[in-house]
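What follows is a single structure, written as structure tokens, with notes after it.
Predicted, not measured: the structure shown is a model, and the values here were computed from it. Chain A is the first sequence line, chain B the second, and so forth, proteins listed ahead of strands; every chain is numbered from 1.
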Amino acid sequence: MTATVGQQAQAAARANDVWKVYGSGEAQVVALRGVSAEFERGRFTAIMGPSGSGKSTLMHCLAGLDSVTRGTVSIGETTVTGLGDAGLTKLRRDKVGFIFQQFNLLPTLTAKENILLPLSIAGRKPDPAWYDTVIETVGLKDRLDHRPAQLSGGQQQRVACARALVSRPEVIFADEPTGNLDSRSGAEVLNFLRNSVREHGQTIVMVTHDPTAAAYADRVVFLADGEIVSELIEPTAETVLDTMKKLDTAAEVGN
Amino acid sequence: MFRATLKSLLARKVRLILSGLAVVLGVMFVSGAFVLTDTLGRSFDSVFADGFSEIDVNVAAKPKVQVNEMEGEQTVAPLPAALVDRVKQVPGAASATGVVNADGARVIGSNGKVVTSFGPPQLGENWTGESELLKLREGRAPQAEDEIVINKALATAAKVQVGQKVGVLTAFESKKRDFTLVGVFGYSGDRDSIGGVNEVFFTTPVAQRLMLGEPDVFSSITVQAADGVSDEKLRDDVARTLGADFEVKTGEQVAADASASLKEGLSFFNKILLGFAAVALLVGTFLILNTFSIIVAQRTRELALMRAIGASGRQIIGSVVLEAIAVGLIASVLGLAAGIGVGALLAYLFGKLAGGLTLAGIGVPAAAVIGSFAVGLVITVVAALLPALRASRIPPIAAMQDVATPDRPLTKITVAGSLVTGIGAVLLFLGLSGNAGGQTLSTILGGVLFAFIGVALLTPLISRPVVSLLGAIFSWSVPGKLGRLNSGRNPRRTAITAAALMVGIALVTGVTVILDSAKGSISALAQDTIKAELVIAGQQGGPRPPTFDPGVLDQAKALPGVRLVDGEYGDMARIDGEGTWVAASSDVASLRQIFGAKPTAGDIDRLGPTQMLASSDTATSRGWSVGSTVNVQLTRGEARTYTISGIYESSQLTNPVTLPVTAAKDFAIPQPIQGFIQLDPGTRVSDVQPQVEALLADSPEVSVADRDAFIKQQTSSLDGLLTMIQILLALAIVIAVLGIINTLALSVLERTRELGLLRAIGLRRSQTMGMITVEAVVISVFGALLGVVVGTGLGAAVVEALKDEGITDLILPWGQMGVFLGLAAIIGVVAAVLPAVRAARINVLGAIAHD
């Protein structure tokens with residue numbers, strides 16, 4: 001095994017026996033039941049599952065947006081579990097990028113200012129070469145001075161992707177990034193995400209319930225009832241759909 | 001619909017509480033003013049009723065010169081002592097007593113300073129024995145010429161005891177005279193004073209000489225009715241016996257009249273307080289307008305849904321107005337309650353300050369209740385009407401669309417703003433140039449109101465460039481830049497919030513400009529014109545100006561190096577039946593040599609005992625010329641005829657009429673009020689000043705100062721006035737701060753998702769707070785900037801209009817303006833605290849995960 005492979009295999013994000021329980025007593029809901037998973041560097045992983053399976057909760061816990069009830073979460077060398085607000089802020093600032101379903105751009109800033117916002121908040125200068133590459137890749141060169149309201153949904157989401165990429169985070173978490181887009185714009189965004197993994201070694205973890213979107217990933221992790229139930233490497237839309245169907249059947253039988 | 005309104009009201013408690021608070025404060029001012037004046041009025045009633053309770057019928061001379069509450073105290077001419085016997089013989093009179101009772105008996109305390117009363121008179125009287133009301137607590141009645149008794153409160157204030165020598169200044173003797181304090185008295189009900197009045201009792205001859213200026217005269221005669229004779233019958237009988245030259249009243253009438261004249265002063269005070277309430281409510285209106293606009297904008301989807309399921313536009317308006325009525329009603333109740341508390345507190349403080357006025361029970365007059373509810377409700381509903389109208393225009397389709405508040409163009413609002421500002425400017429011009437046809441004050445106030453509203457309407461247009469300029473200061477940091485962009489985001493909202501602050505700051509600035517200009521102009525004039533190196537004067541602590549011993553004038557004249565000494569006397573007189581301010585100079589040469597008067601006709605350097613001088617303005621308006629004869633009635637004595645022997649050019653420093661100094665003995669205050677000393681060239685001021693000071697040792701009310709110190713002392717009353725106005729206007733500024741808090745809190749709520757995102761991509765809590773603070777500071781500094789500019793404009797306009805009144809210099813208080821801007825920055829920081837904390841606490845996950 002070469003050194004490169006070794007590094008490849010090292011996890012960018014890791015969950016170790018993670019439990020997440022909401023509420024208490026009668027109203028108790030267990031969202032995650034002892035999930036352990038590793039998300040390798042330089043890979044595009046999709047988390048899938050029916051609604052209520054805990055996929056969003058898992059992502060929120062991994063990203064340090066939500067605390068875990070039991071178990072540990074780490075990103076790169078950093079153990080997320082137990083960090084205070086300042087530590088979490090620093091983690092988000094330096095190691096994590098986000099892409100949301102709702103784009104979440106600041107309406108007062110131009111596209112360029114939105115893209116550079118995480119860096120300015122952290123007080124860092126962008127690497128000009130990398131910045132150019134990102135802008136080139138998302139194809140927004142002539143739209144940089146526009147405000148979000150002047151951009152289409154797909155363009156806004158590409159700005160959001162660029163914003164996540166430009167600070168070269170350890171891992172980018174994408175929460176249903178194509179949920180609000182038409183299929184053409186969605187395909188553009190997904191292609192772009194896959195390319196950033198293949199060409200630039202970016203790590204991306206994406207939550208989705210759309211088998212077509214999941215097919216863009218290198219690996220799909222399936223969740224049901226708060227547990228990891230299956231996994232696919234090099235998925236296609238068909239294999240993903242099949243696995244989902246099986247899960248549904250299992251769930252029905254189980255009930 | 002009603003239930004829906006109620007529910008939405010409850011869901012927005014905090015917002016409505018904040019905007020309701022503005023109404024509460026305004027209403028509090030209104031009801032507080034009414035409660036205060038009502039309570040004080042009834043307290044005065046009871047004080048006077050008590051003070052005159054022993055009297056059945058009172059006889060006094062008709063005042064020779066009527067003065068009103070604003071011009072000073074009414075001084076009554078004395079009655080001959082022989083009149084007492086005539087009154088005694090009226091059938092039905094059990095007894096008649098001659099009473100000396102005049103203001104101006106000033107006791108010198110153990111610290112060598114005159115005890116001041118800050119309002120109530122300092123009476124010098126003749127001792128006529130104890131009564132139901134008045135009882136000696138210690139010692140005995142005055143029997144010898146040099147013996148006095150005083151009331152307990154005065155003894156306490158002066159820190160003197162029975163047996164000690166006490167110095168007293170009297171109406172006719174401003175040189176200290178020593179008396180032995182032989183007794184201290186109190187009043188029924190264990191009171192040490194009645195309404196803070198200080199009383200000194202002398203033996204009758206001494207009281208007559210020192211308080212009335214001649215022997216065998218009395219101020220009034222009190223008559224007791226025989227058993228079975230009613231006060232009214234006795235009054236009529238006495239009046240018939242004495243004829244028409246006397247005022248004969250029952251004790252009750254005297255009390256009611258005395259109280260009524262004081263209440264006139266109170267109602268003036270009430271109007272001033274209501275004026276400030278109006279300012280507070282104007283600011284409150286901006287705040288409510290803003291809150292309801294934001295609420296309507298936030299509820300767009302909800303309101304559109306209501307339209308979609310069949311609610312009519314009218315119902316939507318009704319629902320918003322209903323909310324306003326509920327807020328107004330609750331705020332009125334709270335404001336009324338708070339106002340009663342504040343009124344009671346102020347009445348208590350006033351009673352303390354006025355030397356122990358015993359307060360009647362706190363009363364809530366109907367005017368307070370009606371005023372509170374009318375003002376609270378009307379203001380709230382009027383302010384909510386515009387947002388309500390906007391709410392009714394929301395199309396049902398908005399329920400299905402993404403909520404995007406379109407940036408409506410500012411054309412309409414700008415045109416309206418220019419129009420209203422123009423109306424305001426025209427009204428101001430008419431009012432200030434004196435072309436308002438008798439409605440000067442209301443025209444000016446209307447002009448100011450229109451100007452404020454007009455500028456507020458123009459503010460959104462101005463806000464974009466100014467706010468981004470102001471914000472540029474903070475743009476070096478990311479939170480600063482974000483804050484700046486946020487404050488420019490909704491120009492209308494920013495504008496109204498800033499406009500609310502503008503009103504308060506503009507008024508304070510305007511008043512400061514006017515008063516500073518007045519002060520500067522007076523100082524400059526005095527500096528240029530008064531050619532006296534030393535001035536004798538004192539600080540006025542009550543209704544009576546400080547006086548000094550006229551003997552000092554002659555002694556000062558004899559000092560080496562002194563060239564000219566002038567003592568000034570003044571009084572309201574009736575000249576040919578018309579009230580006119582008259583003065584007398586101990587040395588008429590001072591007119592030319594000290595005050596720079598220039599003769600326009602006749603001779604102004606000399607003045608015979610039956611001659612008088614007039615200013616050119618007075619001479620013109622009254623049709624006088626040299627040689628005219630006029631009939632002059634002073635406060636005391638008979639009317640006399642004077643011949644005009646000279647006319648001098650009118651200036652700020654000349655009096656309308658100058659009488660010979662021999663006339664001053666019939667003035668209400670027959671002692672000099674100010675003295676001016678001109679030195680020989682080459683004489684050092686510091687050589688003469690201590691010698692004059694020594695001469696004034698027995699006139700402790702006054703001191704000698706050089707001219708600059710005198711001018712400063714004379715203008716210091718303006719400083720006090722300015723401070724008072726600033727304190728009262730501070731309330732308007734406090735309300736504006738509530739507005740800023742409100743706007744920010746609502747903005748934070750609106751931008752929850754954005755704040756969550758910023759936190760998610762690494763904005764620290766402190767940076768989040770910084771961002772909100774910058775937004776607040778930018779808004780408040782913008783408001784203050786507008787206020788300073790508008791206020792300077794208004795102040796300058798008034799100063800320009802007062803040019804003829806002697807305010808010739810426009811003085812802009814740059815330092816003060818700087819302070820206001822600095823203050824605004826601090827206000828912004830303070831206002832941002834709560835919203836910023838709230839923003840920093842936003843749950844990141846909750847903010848971005850919610851749909």
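Interatomic distance, A:Ile99 CD1 to A:Cys161 SG, rounded to the nearest 0.5 Å: 3.5 Å.
At most 12 heavy atoms of other shown residues, nucleotides or ligands fall within 6.0 angstrom of atom CZ in B:Arg841.
Only the side chain of A:Glu113 comes within less than 4.5 Å of a heavy atom in chain B; its backbone stays farther off.
B:Asn290 and B:Thr497 share a side-chain donor-acceptor pair at under 3.5 Å.
Chosen from A:Leu117, A:Leu105, A:Thr89, the residue pairing most often with chain B at heavy-atom distances under 4.5 Å is A:Thr89. Residue with the most contacts toward chain B among A:Gln101, A:Arg92, A:Arg163: A:Arg92 (heavy-atom pairs, distance under 4.5 Å).
You'll find the side chain of A:Phe173 stays beyond 4.5 Å of the side chain of A:Leu65, heavy atoms only.
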